[in-house]
Structures are given as C-alpha cells and as structure tokens.
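Let me begin by presenting the structure, written as structure tokens, before commenting on it.
Each ligand, and each atom within it, is numbered from 1 in the order the structure gives. Both backbone and side-chain heavy atoms feed into the values below; hydrogens, waters and symmetry mates do not.
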Amino acid sequence: MTKPAAYDDNNIFAKILRGEIPSHRIYEDQHTVAFMDVMPQAPGHVLVVPKAPSRNILDADPATLAHAITVVQKVAKALEEVFDADGVFIAQFNEPAAGQTVFHLHFHVIPRHEGVALKPHSGKMEDGAVLAANAEKIRAALARSSS
Ligand code: 5GP
C-alpha cells in the first residue's frame, strides 16, 4: 500500500467538530461527538466521531478507539429503541480503496429492518427537518438511558 496522506484538519468532520459547519448533534463527551449523517443510508444513520485527529483506524490511538466503541454501543442501543430496529449495522472505512470519503476517523451506526435494503453510501441529502426530528428522538432516548 502506498503511504496515505497526512491528516488534514480542513476535512469536513474537523470543521464540524470545531463548530465551523452545522450538524445535528446527538451526543458529546470529552473525547467524542456523534451527529446525523446528512446522506443517511437509512433513517437514523449516525456518525460517531472521536475528537482526536486521525485519518482512520490505521493511524488512531488505541485509547481513542477503545472509548469510541463504547459510544458506538450507546448510540446503537438508542437507535434500536427509537427506530424499533431489527438490527444495527456498524461500518468504518479506511482509505479510498475501502470506500472512505471523509478523512477523519468515524463509525457509521445505522438501524436496520428485515427486508429493507440500505440506500447508497453518500447518496441523497436528507431534508434538514427530518434529520432534526430524528436527532431529537435519539437525544431523548440517550437521556433516558443515562438517567
Ligand atoms: P465515509 O465514506 O468517509 O465512511 O463516510 C462519510 C460519511 O459522511 C458519508 O456517509 C456522508 O454521507 C457523510 N457526510 C459527508 N459530508 C457530510 C457533512 O457535511 N455533514 C454530515 N453530517 N455528514 C456528511
């Protein structure tokens, strides 16, 4: 494999983390932010994004990964409840050959229903009001689970 490019802090998720670009946030802690994917592959598609800069799993600090997966679990449980999901799909791509398009480490967390196919990756932009309504429901479920 040719050596990947260095981390670029002008990527879209770095801008979202710095608050330079809006997002529908559903969770934040000291190390991690989670927000709605603007081109969801199914309703409720969330991205869990560590704050520490890394392109992907290949250059990430293991401690960052260890914490992030606990947030992925929290979000997966909330999505299962809110969307009455039959299952939850977790995906994470590393470098363009593997399908990665945004070069700041992130995990896709997507509710799945029996017999319903996923929409294409980075396909159609969702209506902002739909994303806002889904984000509100997920935030409420996360608040219930932590109380
Ligand atoms: P990757 O291909 O890198 O695994 O996934 C990048 C994801 O980011 C895609 O699912 C895409 O829909 C999503 N995405 C791209 N641009 C934006 C954006 O500006 N805001 C949000 N919330 N999601 C984005």
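Checked against the 6.0 Å centroid threshold, Phe13 and Phe103 do not count as a close aromatic pair. Outside the 6.0 Å centre-distance limit, the rings of Phe83 and His113 are not counted as a close aromatic pair. Centroid-to-centroid, the aromatic rings of His104 and Tyr7 come within less than 6.0 Å.
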- Just do the salt bridge (charged side-chain N to carboxylate O under 4.0 Å, His left out) check on Lys77 and Glu80 with the steps written out, would you? CA-CA 5 Å; Lys77 288 180 173 184; Glu80 182 190 29; over 6 Å; no

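The nearest pair of heavy atoms linking Arg55 to Ala6 is NH1-O, 3.8 Å. The two atoms that bring His24 and Ala135 nearest to each other are CB-CB, 4.0 Å, heavy atoms only.
Heavy atoms from both the backbone and the side chain of Thr101 come within less than 4.0 Å of ligand 1. By the criterion of a heavy-atom distance under 4.0 Å, the side chain of His108, and not its backbone, is placed next to ligand 1.
The atoms of ligand 1 that sit less than 4.0 Å from any heavy atom of Phe35 are 22 (N). The contact set between ligand 1 and Gly99, taken as ligand atoms under 4.0 Å from a residue heavy atom, comprises 2 (O). Heavy-atom contacts of Phe93 reach the following atoms of ligand 1: 4 (O) (cutoff under 4.0 Å). In the vicinity of Val102, heavy-atom distances shorter than 4.0 Å reach the ligand 1 atoms 3 (O), 6 (C).
Residue Phe13 places a heavy atom less than 4.0 Å from ligand 1. Look at Gln92 and you'll find every heavy atom at least 4.0 Å from all atoms of ligand 1. The closest approach between a heavy atom of Ser23 and any atom of ligand 1 is not below 4.0 Å.
Looking at Ile21 next to ligand 1, no N or O pair under 3.5 Å apart turns up. When only interatomic distances are considered, the shortest N/O to N/O separation between Ile16 and ligand 1 does not fall below 3.5 Å. For ligand 1, one of its N or O atoms has an N or O atom of Met36 under 3.5 Å away. The shortest N or O to N or O distance between His45 and ligand 1 is not under 3.5 Å. The shortest N or O to N or O distance between Gln100 and ligand 1 is not below 3.5 Å.
Counting only heavy atoms of the protein, atom 17 (C) of ligand 1 lies nearest to Val38 CG2, 3.5 Å. Of all protein heavy atoms, the one lying nearest to atom 15 (C) of ligand 1 is Met39 CE, 3.8 Å. Given atom 7 (C) of ligand 1, the protein heavy atom at minimum distance is Asp37 OD2, 3.5 Å. Summary of contacts: the protein heavy atom closest to atom 19 (O) of ligand 1 is Ile12 CG1, 3.5 Å. From the protein, the heavy atom lying nearest to atom 5 (O) of ligand 1 is His106 NE2, 3.1 Å.
The hydrophobic cluster containing Leu105 also contains Tyr27, counting ILVMFWY residues as joined when their side-chain heavy atoms lie under 4.5 angstrom apart, directly or transitively. Each of Val102 and Val38 belongs to its own hydrophobic cluster when Ile, Leu, Val, Met, Phe, Trp and Tyr are linked at side-chain heavy-atom distances under 4.5 angstrom.
For the side-chain contact (heavy atoms from CB on, under 4.5 Å) with Val88, the lone residue among Val75, Ile110, Val109 that qualifies is Val109.
Note: His108 and His45 have tilted aromatic rings, judged against thresholds of 30 and 60 degrees for the angle between ring planes.
A donor-acceptor contact closer than 3.5 angstrom links the side chains of Gln92 and Asn94.
Other residues, nucleotides and ligands place no more than 12 heavy atoms under 6.0 Å from the CD atom of Glu114.
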